[in-house]
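Note that the numbering runs from 1 along the sequence shown for the chain. Atoms within each ligand, like the ligands themselves, are counted from 1 in listed order.
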Amino acid sequence: MSADAQRAEGERRPIWWMQRESGGCSASRQLGYDPAPFAREELPRIMAIERTLSILKPDATERPGATGEILRRFEAAGLRIIALKKIRLSDEIARGFYAVHKARPFYGDLVKFMTSGPVVVSVLEGENAVRAHRDLLGPTNSSEAPKGTIRGDFGTDIERNAAHGSDATATAKIEISYFFGAAEILAPVEAL
Ligand code: ATP
Ligand code: MG
């Protein structure tokens with residue numbers, strides 16, 4: 001194809017093509033845009049938009065510069081911050097959040113740690129956000145997490161591991177509503 005023909009082809013391509021090429025994808029759904037059949041075939045891969053809950057734990061928030069750097073990494077990976085707050089968890093809120101672990105021997109210490117200082121709680125939205133976020137965090141145990149991962153760079157051990165991430169979309173939904181009301185979350189996408 002000649003250079004002129006290639007340019008003409010590019011100009012004819014609709015917005016969803018550019019979104020596909022750039023990895024972006026939420027706009028057409030938010031606008032209620034009905035893509036062409038060709039794009040529809042691509043939808044399962046393109047449109048796996050999820051939300052997940054992030055908590056920067058007290059060991060991360062007390063480190064100068066860490067909060068900004070971790071949030072920067074989320075955004076650099078294409079995760080949009082659609083809700084955000086810095087709070088101090090009460091004993092009751094921390095116990096409730098980690099209730100799933102209440103029979104585990106580390107539960108009491110974990111609650112003590114999570115209430116020992118401020119946390120930064122956010123909702124992240126993006127393609128495959130649950131997996132993408134946990135990939136950025138790295139393994140649970142910071143002493144085994146590779147450098148370059150958030151837990152490897154900012155955590156210390158299996159308890160003081162810098163950050164929490166929801167482990168599935170169903171869990172994310174529950175965890176997000178534990179910390180945020182609907183009015184505190186931006187860019188609501190009806191289907192989520
Ligand atoms: P998170 O839920 O915080 O994202 P995770 O899903 O990787 O972490 P979980 O098994 O859900 O790991 O454990 C929840 C948290 O409890 C961990 O992030 C860590 O802070 C703490 N924890 C987990 N296992 C232990 C342990 N054996 N000893 C002490 N603390 C632990
Ligand atoms: Mg977990």
Option of least heavy-atom distance to atom 27 (N) of ligand 1 (set: Phe113, Phe97, Phe106): Phe106
Nearest-contact summary for atom 8 (O) of ligand 1 - protein heavy atom, Å: Arg151 NH2, 3.2 Å
Considering all heavy atoms, the nearest Ile70-Ala60 contact: CD1-CB, 4.1 Å
Ligand 1 contacted by Lys57 (non-hydrogen, < 4.0 Å): yes
Matching residue for Arg51 among Leu79, Leu124, Ile185 - test: side-chain contact (heavy atoms from CB on, under 4.5 Å): Ile185
Proximal candidate to atom 12 (O) of ligand 1 [heavy atom criterion; set Ile55, Thr140, Val111]: Thr140
Any Met114 side-chain heavy atom under 4.5 Å of Ile55 side chain: yes
Enclosure of Lys85 NZ (heavy-atom neighbours >12, cutoff 6.0 Å): yes
Thr61 to Val119 - nearest heavy-atom pair and separation: CG2-CA, 3.9 Å
Which segment of Arg134 sits under 4.0 Å of ligand 1 when only heavy atoms are counted: side chain
Ligand 1 atoms in contact with Tyr98 (distance to a heavy atom under 4.0 Å): 3 (O), 14 (C)
Which residue and heavy atom of the protein sit nearest atom 1 (P) of ligand 1, plus the separation: His164 ND1, 3.1 Å
Which residue and heavy atom of the protein sit nearest atom 16 (O) of ligand 1, plus the separation: Leu110 CD2, 3.3 Å
Phe154 side chain reached by Thr149 side chain, heavy atoms, under 4.5 Å: no
Gap between atom NE2 of His133 and atom CD of Glu125 - 0.5 Å precision: 14.0 Å
Residue part near ligand 1, for His133, under 4.0 Å between non-hydrogen atoms: neither
Heavy-atom check, side chain of Leu110 versus side chain of Arg104, under 4.5 Å: no
Those atoms of ligand 1 less than 4.0 Å from some heavy atom in Asn161: 17 (C), 18 (O), 19 (C), 20 (O)
Heavy-atom gap Ile158 to ligand 1 smaller than 4.0 Å: yes
Region of His101 that comes within reach of ligand 1 [heavy atoms, distance under 4.0 Å]: side chain
